[in-house]
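Following: one structure in structure tokens, then a few remarks.
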Amino acid sequence: MKLARILTALALGATLGLGATATATAGTGSSPAPRAAENTGSADAADRARAATARKGPIMATYKGKKFDMADGWGDAKVCSEYPDLTVKCFATDAEAQADMAAYAKKDPRALPKAPKGRSAKIQPAAPASMASTASGDGVVPLAASCAFGWTCLGEHQDLGGRKLQWSANGTKTLATWGFRDEATSTCNNDETGGMSIFDYRTNWPDHQLITPLGYCYMSLHEVKLDGLTGVGTWNDRADEVRM
């Protein structure tokens with residue numbers, strides 16, 4: 001019976017999906033209060049506790065020449081990028097972020113290599129309606145979002161709209177330290193190799209997991225079921241952690 005309970009819990013906790021590629025930018029100014037109501041409610045206490053345990057130090061970013069702790073809020077920044085050397089820069093527009101990425105790649109081509117044959121150098125901002133209507137599964141659209149080769153990304157809104165986070169450095173990203181916990185609505189994975197997973201922390205149950213395969217995007221997490229077995233809830237504004 002104990003084994004059966006464990007297997008049932010694991011089955012309920014796993015949600016697998018195809019998805020993504022990405023791009024990002026961010027910024028700051030003042031230190032506003034958390035943006036999402038679910039970040040402060042009593043039901044979210046377990047998420048806050050898990051994030052605090054996982055945190056190994058603040059994520060310091062630069063925006064308009066000033067450093068800030070991303071967990072304190074982004075101010076008016078819209079896109080934030082973590083480079084291969086682990087520096088984080090934020091920008092007011094995606095165009096500014098893309099220009100800085102190009103300058104970085106020019107200085108160190110090995111750190112940000114060009115896309116090889118058969119891979120997209122950049123994924124466009126939105127999916128054409130024809131692609132969206134023929135997407136297989138829960139809103140998964142091949143190569144349809146704005147994201148440079150070598151990066152993985154999260155968007156605050158669908159189609160990577162609103163604020164964007166992008167990483168060129170692999171690893172585990174605790175989203176509370178990036179000021180982005182429970183705020184992702186789209187994902188993209190245009191990394192050089194490997195998958196991208198987002199996790200929804202849970203207490204006394206296995207964490208929910210959603211995988212965005214290489215070269216794919218989830219354009220709207222509103223359309224992706226959180227629990228593939230029961231169909232209860234969606235992945236919108238549920239991501240607590242990213243691993244790639």
Side-chain angles (χ1 to χ4, degrees), residues 22-101 104 146-147 151-158 160-188 196-203 207 221 235-244:
T23 153
T25 325
T28 189
S30 56
S31 297
R35 297 166 59 91
E38 59 266 33
N39 286 350
T40 57
S42 59
D44 212 36
D47 281 8
R48 293 196 298 274
R50 287 277 299 277
T53 301
R55 184 168 180 164
K56 295 180 174 59
I59 303 297
M60 302 303 297
T62 301
Y63 178 59
K64 293 184 177 179
K66 296 183 178 179
K67 285 192 173 293
F68 70 100
D69 184 342
M70 295 186 71
D72 293 334
W74 291 20
D76 60 356
K78 295 299 181 184
V79 182
C80 288
S81 309
E82 184 185 52
Y83 286 89
D85 60 4
L86 303 185
T87 59
V88 181
K89 296 181 181 180
C90 295
F91 307 88
T93 68
D94 190 63
E96 292 178 6
Q98 296 292 335
D100 193 77
M101 291 162 56
Y104 190 103
S146 174
C147 184
W151 296 78
T152 52
C153 307
L154 294 181
E156 180 185 17
H157 303 315
Q158 67 181 33
L160 291 181
R163 297 184 303 141
K164 297 178 186 177
L165 257 178
Q166 75 175 12
W167 298 272
S168 62
N170 292 335
T172 298
K173 319 294 181 181
T174 306
L175 293 178
T177 64
W178 296 83
F180 218 82
R181 182 171 63 81
D182 290 346
E183 296 195 26
T185 301
S186 50
T187 74
C188 277
M196 169 191 185
S197 293
I198 58 175
F199 293 85
D200 172 39
Y201 292 158
R202 299 201 297 171
T203 301
D207 294 338
L221 293 177
W235 270 97
N236 183 55
D237 291 344
R238 297 300 294 263
D240 296 305
E241 179 179 287
V242 179
R243 299 177 196 169
M244 70 284 280

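Here the structure is a predicted model, which means the values were calculated and not measured.
In terms of heavy atoms, Met196 sits closest to Thr187 at CE-CB, 4.2 Å. Heavy-atom minimum distance, Met60 versus Val88: O-CB, 3.9 Å. Residues Leu175 and Ala239 share a closest heavy-atom pair of CD1-O, 3.5 Å. Of all heavy-atom pairs spanning Trp151 and Ser168, the tightest one is CE3-N, 3.4 Å.
Proximity of Tyr201 to Thr174: side-chain heavy atoms (C-beta onward) are separated by under 4.5 Å at one or more points. Side-chain contact between Ile198 and Leu154 is present, with heavy atoms from C-beta onward closer than 4.5 Å. Looking only at side-chain heavy atoms (C-beta outward), Met244 and Trp167 come within less than 4.5 Å of each other. At least one side-chain heavy atom of Asp240 sits less than 4.5 Å from a side-chain heavy atom of Asp182. Side-chain contact between Asp94 and Lys78 is absent, with no heavy-atom pair separated by less than 4.5 Å. Here the side chains of Glu183 and Leu165 are not in contact, with every heavy-atom distance at 4.5 Å or above.
Every residue two or more places apart in sequence or in another chain that forms a side-chain contact (heavy atoms from CB on, under 4.5 Å) with Ala169 is listed here: Glu82, Leu86, Lys173. Checked against side-chain hydrogen bond (donor to acceptor under 3.5 Å, both in side chains), Thr185 has the following partners two or more places apart in sequence or in another chain: Asn236.
Under 4.0 Å is where a charged nitrogen must lie from a carboxylate oxygen, and between Asp100 and Lys89 at least one such pair does. Under 4.0 Å is where a charged nitrogen must lie from a carboxylate oxygen, and between Lys64 and Asp76 at least one such pair does. Taking 4.0 Å as the cut-off between side-chain N and carboxylate O, Glu241 and Arg181 do not count as a salt-bridged pair.
Between the OG1 atom of Thr172 and the CZ atom of Arg243 there is a distance of 5.5 Å, given to the nearest 0.5 Å. Rounding to the nearest 0.5 angstrom, the gap separating the CG atom in Asp237 from the CG atom in Leu221 is 8.5 Å. In this structure, CZ on Arg238 lies 8.5 Å from CZ on Arg202, to the nearest 0.5 angstrom.
Taking the six-membered ring wherever Trp is involved, the centroid distance between the rings of Tyr83 and Tyr104 falls below 6.0 Å.
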With side chain to side chain donor-acceptor pair (under 3.5 Å) as the test, would you mind laying out the steps for Gln166 and Ser81 before giving the verdict?
CA-CA 5 Å; Gln166 75 175 12; Ser81 309; 3.1 Å; yes
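Between the side chain of Thr62 and the backbone N or O of Gly65 there is no donor-acceptor pair closer than 3.5 Å.
Under the 6.0 Å distance and 45° angle rule, Arg163 does not count as a cation-pi partner of Phe180.
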